[in-house]
Number of protein chains: 2
Amino acid sequence: MKKQAVKLEDVAAVAGVSKTTVSRVLNHRGYLSQATIDKVHQAMQELHYRPNVIARQLFQQKTNLIGLVFPTVDNPFFAQLEAQLDQELYRRGYRVLMGNSQNNPEREEAYLRQLLNGQVDGLIVGAHNEGIKQYRDTQLPVVSIERWVSKDIPVVAADNYAGGKMATQRLLDDGCQHIIHTNYPHGLPSPNLERRRAYEEMMQARHRPAITYEVNFDSTDEEKRAIFNRLFTEHPEVDGIFADNDTNASLIIQVARKRGRHIPHDLKVVGFDGANMTRTLLPELTTVQQPIDEMAKRAVDLLQQRIAGGQTTGSVQLPVQLIDGGTA
Amino acid sequence: MKKQAVKLEDVAAVAGVSKTTVSRVLNHRGYLSQATIDKVHQAMQELHYRPNVIARQLFQQKTNLIGLVFPTVDNPFFAQLEAQLDQELYRRGYRVLMGNSQNNPEREEAYLRQLLNGQVDGLIVGAHNEGIKQYRDTQLPVVSIERWVSKDIPVVAADNYAGGKMATQRLLDDGCQHIIHTNYPHGLPSPNLERRRAYEEMMQARHRPAITYEVNFDSTDEEKRAIFNRLFTEHPEVDGIFADNDTNASLIIQVARKRGRHIPHDLKVVGFDGANMTRTLLPELTTVQQPIDEMAKRAVDLLQQRIAGGQTTGSVQLPVQLIDGGTA
DNA sequence: TTGAAAGCGCTAACAA
DNA sequence: TTGTTAGCGCTTTCAA
């Protein structure tokens, strides 16, 4: 057990005062004479003193750390979301403990097991696994983003249903006769499915078939391209696609072009998410944009309320917006 | 000061043993009779005991946390890099403390001030600011990625010089007569500048002018587009561009198309980075790919050596690879 | 095979 | 205005 080079006690010794006094100087608390303050500061400088954060955390039972549990950060949506969460949390004095689950339930559980042991003051989650009971058992403040976790955990989400309607409506307005949708496999109780529900309801209302191709979040690009190729083979008549996220929309466009389709002439495509990186790399994509930065902010607001003890406000739903690119 | 609901002492009481024994059961250490082990386990279950990580950290003077200091995670290169670092660190039992500096020196210093106080066992940095002396003052193991920090901090980087040559060579091979480069403003001692140096040397060797447009990392897309528009106005003769990163390459292509250029017919473009997200969203971009995953792995290897006490191996340079898209 | 006691570095009652 | 003392929850010598 190596000891930290210089501790508060050493500073006290050098300054010729008690540990309490040094602690007071450190935290600007209580009455101190200027002379003492100076003495202590000087001793600190001399010794290059750095207060030990862990000891403080142990005493205060508070780490000022917030855990982020998401599938991965290597994705336009989550990258922007986590960056913004970090930003918002930083402003409020928190630091971020990152936990990418890779959609692996074991890994998500492993993170939780650790984090719930006093390692963090709160959790913001948006991973894709279900049935992780630990979320329910804990006292820790938790807020979820775009994912339903458990009854008493508030969810911050975009208005996915409205977004699904917008996207479908746009394709209908464009005159598309054969619209196909992509989404996750059924079974994940994600707000994402609201996009699908909106699509299906609109198609049914018009007595058109609702066809959804299911694509796993963590398939490789090649696997996804294969699915989209199958889509075009099985449905050569398709003239409009509403993809449940921009990455898929991009892959669909690539596959379609390879097959000789012209966009938007031959085929119209609408994506979903509208994250920074997609807007930069693929501004021509028409998409339903989620207010990612605002979602981050609201999640942090909610979390802070919970940490402060408010057994608070329920879930939040934020409006989305159709961005005109040119692919629809 | 709220106390943790149930602690080791409570378990000991219920199990009718000492704290020591419970601790031993917890850590599988020392001699224990099966009967005792069972008793303790049962008590733990009964009380829903969760060991306090912070207390353990204080005693062990070790947090199993690694700090990551980068400009932002909302960028294809850093998103992949941080995701991969998280992955590699996780496998070795570490968790990640995220610190996005936003290229803000104050913020970088603030992170460091905190992290260096025993909050993390090591640091992996790749932020863009210089002159942060704290890196030099600390005993903490530090490894840098793609950025020169201080004499005794090892750097993991791609072979940027070779990459710069590859890109320039490709454009020359394509028959480009007027090649322009984009890069950061001079002054940041980043390995990135090796890309520029390679370009300039090759141009000079052929007695052609070397022209570099400087683009800040944290300019907005609009500001960047403005610069690239200026580039085309000032140099209508340009027929090849070597962009120092894929995002800029993408913006350049967008601007060029808006101005009626046809790629690669009229204008050839080579980017740099080849991160996952760019490959997915923009596979048609010809680019020099950095081995990002490998860089992450090597950085973690180096860091682990340092933590283990090895006053180790120096810096590492990894090979890059030209990926054929179609834009050059 | 088990326990008592000291201590990791810091903070806060309480007293002086 | 300052110091004494106890304690945050855990682990580990050392002794039994």
Side-chain angles (χ1 to χ4, degrees), chain A residues 1-41 43-44 47-65 114 116-121 139, chain B residues 1-41 43-44 47-65 114 116-121 139:
Chain A
M1 221 63 350
K2 69 176 173 205
K3 299 188 192 177
Q4 172 169 309
V6 21
K7 51 182 142 176
L8 189 137
E9 198 173 347
D10 303 323
V11 176
V14 169
V17 298
S18 73
K19 296 197 306 177
T20 313
T21 302
V22 179
S23 173
R24 285 205 184 99
V25 173
L26 214 50
N27 299 293
H28 311 97
R29 244 194 278 292
Y31 301 97
L32 277 333
S33 74
Q34 191 57 47
T36 311
I37 295 179
D38 294 343
K39 258 192 312 190
V40 171
H41 274 144
M44 284 179 178
L47 299 174
H48 292 291
Y49 173 68
R50 307 184 140 285
N52 181 308
V53 180
I54 303 297
R56 189 178 278 165
Q57 290 179 354
L58 175 59
F59 183 85
Q60 296 182 158
Q61 301 288 86
K62 187 167 182 335
T63 60
N64 296 310
L65 250 37
Q114 279 222 338
L116 297 179
N117 287 204
Q119 174 106 268
V120 298
D121 294 347
Q139 301 302 327
Chain B
M1 222 66 348
K2 69 177 169 199
K3 298 188 196 177
Q4 172 171 307
V6 21
K7 52 180 140 177
L8 189 138
E9 198 174 346
D10 303 323
V11 176
V14 169
V17 298
S18 74
K19 294 198 304 178
T20 312
T21 302
V22 178
S23 173
R24 286 207 183 97
V25 173
L26 215 48
N27 299 293
H28 310 97
R29 243 193 277 294
Y31 301 98
L32 276 334
S33 74
Q34 191 58 48
T36 311
I37 295 179
D38 293 344
K39 258 193 312 190
V40 171
H41 275 143
M44 285 180 177
L47 299 173
H48 293 291
Y49 172 67
R50 308 184 139 283
N52 182 310
V53 179
I54 303 298
R56 186 178 283 166
Q57 290 179 355
L58 176 59
F59 183 85
Q60 299 182 155
Q61 301 288 86
K62 186 165 183 339
T63 60
N64 295 311
L65 250 37
Q114 280 222 340
L116 298 179
N117 287 203
Q119 173 107 266
V120 297
D121 294 347
Q139 301 303 328

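Numbered from 1 within each chain, the chains take letters A, B, ... in sequence-line order.
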Fill in the blank from the handout: Ordered by number, residues from residues 12-21 of chain A within less than 4.0 Å of DNA chain D (heavy atoms) are A:Val17, A:Ser18, A:Thr20, A:Thr21
Exercise for the section: With heavy atoms under 4.0 Å as the rule, sort B:Arg24 into base, sugar-phosphate or nothing. Expected result: base
Practice task
With the side chain of B:Ala55 defined as its heavy atoms from C-beta on, choose the nearest nucleotide among D:dG9, C:dT2, C:dC14.
Solution key: D:dG9
Problem - Atom pair distance, as rounded to whole Å: CD in A:Glu9 and P in D:dT4 - result: 12 Å
Exercise for the section: Select base, sugar-phosphate, or nothing to describe what B:Leu58 touches, counting heavy atoms under 4.0 Å on all strands. Expected result: base
Handout entry: Spacing of A:Ile37 atom CD1 relative to D:dT1 atom P, expressed in whole Å
Key = 9 Å
Problem - Distance below 4.0 Å between B:Gln61 side-chain N/O and C:dG9 OP1 or OP2 - result: yes
Handout entry: d(CD, B:Gln60; P, D:dT13) in whole Å
Key = 12 Å
Fill in the blank from the handout: When A:Asn27 and B:Lys39 are each assigned the nearest nucleotide of DNA chain C, the 5'-most assignment goes to B:Lys39
Completion exercise
Against the side chain of B:Tyr31, the closest entry in D:dT11, D:dC14, C:dT1 is C:dT1
Practice task
Look up atom NZ in B:Lys7 and atom CG in B:Leu47, then write down how far apart they are to the nearest 0.5 Å.
Solution key: 13.0 Å
Problem - Qualifying residues under side chain to side chain donor-acceptor pair (under 3.5 Å), relative to B:Asn64, sequence neighbours excluded - result: B:Lys62
Fill in the blank from the handout: B:Asn117 CG to C:dT11 P, in whole Å, measures 11 Å
Practice task
Return the value, rounded to whole Å, for the distance between atom CG of A:Asp38 and atom P of D:dT2.
Solution key: 11 Å
Practice task
Go through C:dT2, D:dC10, C:dG9 for me and flag the one nearest to the B:Phe59 side chain.
Solution key: D:dC10
Handout entry: Listed partners of A:Gln34 passing side chain to side chain contact (heavy atoms under 4.5 Å, CB included), at least two apart
Key = A:Ile37, A:Asp38
Completion exercise
Rounded to the nearest 0.5 Å, the OG1 atom of A:Thr20 sits from the CZ atom of A:Arg24 at a distance of 5.5 Å
Handout entry: Straight-line distance of B:Gln61 CD to B:Asp121 CG, nearest 0.5 Å
Key = 10.0 Å
Handout entry: Rounded distance (Å) that lies between atom P of C:dT11 and atom NE2 of A:His28
Key = 12 Å
Problem - Residues that B:Val53 engages under side chain to side chain contact (heavy atoms under 4.5 Å, CB included), provided they are two or more places apart - result: A:Asn117, A:Gln119, B:Gln57
Fill in the blank from the handout: Taken to the nearest 0.5 Å, the spacing of A:Ile54 CD1 from B:Gln60 CD works out to 11.5 Å
Handout entry: Contact under 4.0 Å: B:Arg29 side-chain N or O vs D:dT12 OP1/OP2
Key = yes
Fill in the blank from the handout: Rounded to whole Å, CD of A:Gln57 lies from C1' of D:dG7 at a distance of 17 Å
Fill in the blank from the handout: By side chain to side chain contact (heavy atoms under 4.5 Å, CB included), B:Thr36 pairs with (sequence neighbours left out) B:Val17, B:Thr21, B:Ser33, B:Val40
Fill in the blank from the handout: To the nearest angstrom, the CG-C1' distance between A:Leu8 and C:dA12 comes to 13 Å
Handout entry: Nearest heavy-atom neighbours spanning A:Lys39 and A:Ala15
Key = CD-O, 3.5 Å
Handout entry: Terminal helix-axis angle for the helix from C:dT1-D:dA16 to C:dA16-D:dT1, with five pairs defining each axis and rounding to 10 degrees
Key = 40°
Problem - Under-4.0 Å side-chain N/O to phosphate OP1/OP2 contact, A:Ser33 with D:dT2 - result: yes
Completion exercise
Picking from D:dT11, D:dG9, D:dT2, the nucleotide nearest the side-chain atoms of B:Leu26 would be D:dT11
Practice task
Look up atom NE2 in B:His41 and atom CG in B:Leu26, then write down how far apart they are to the nearest 0.5 Å.
Solution key: 8.0 Å
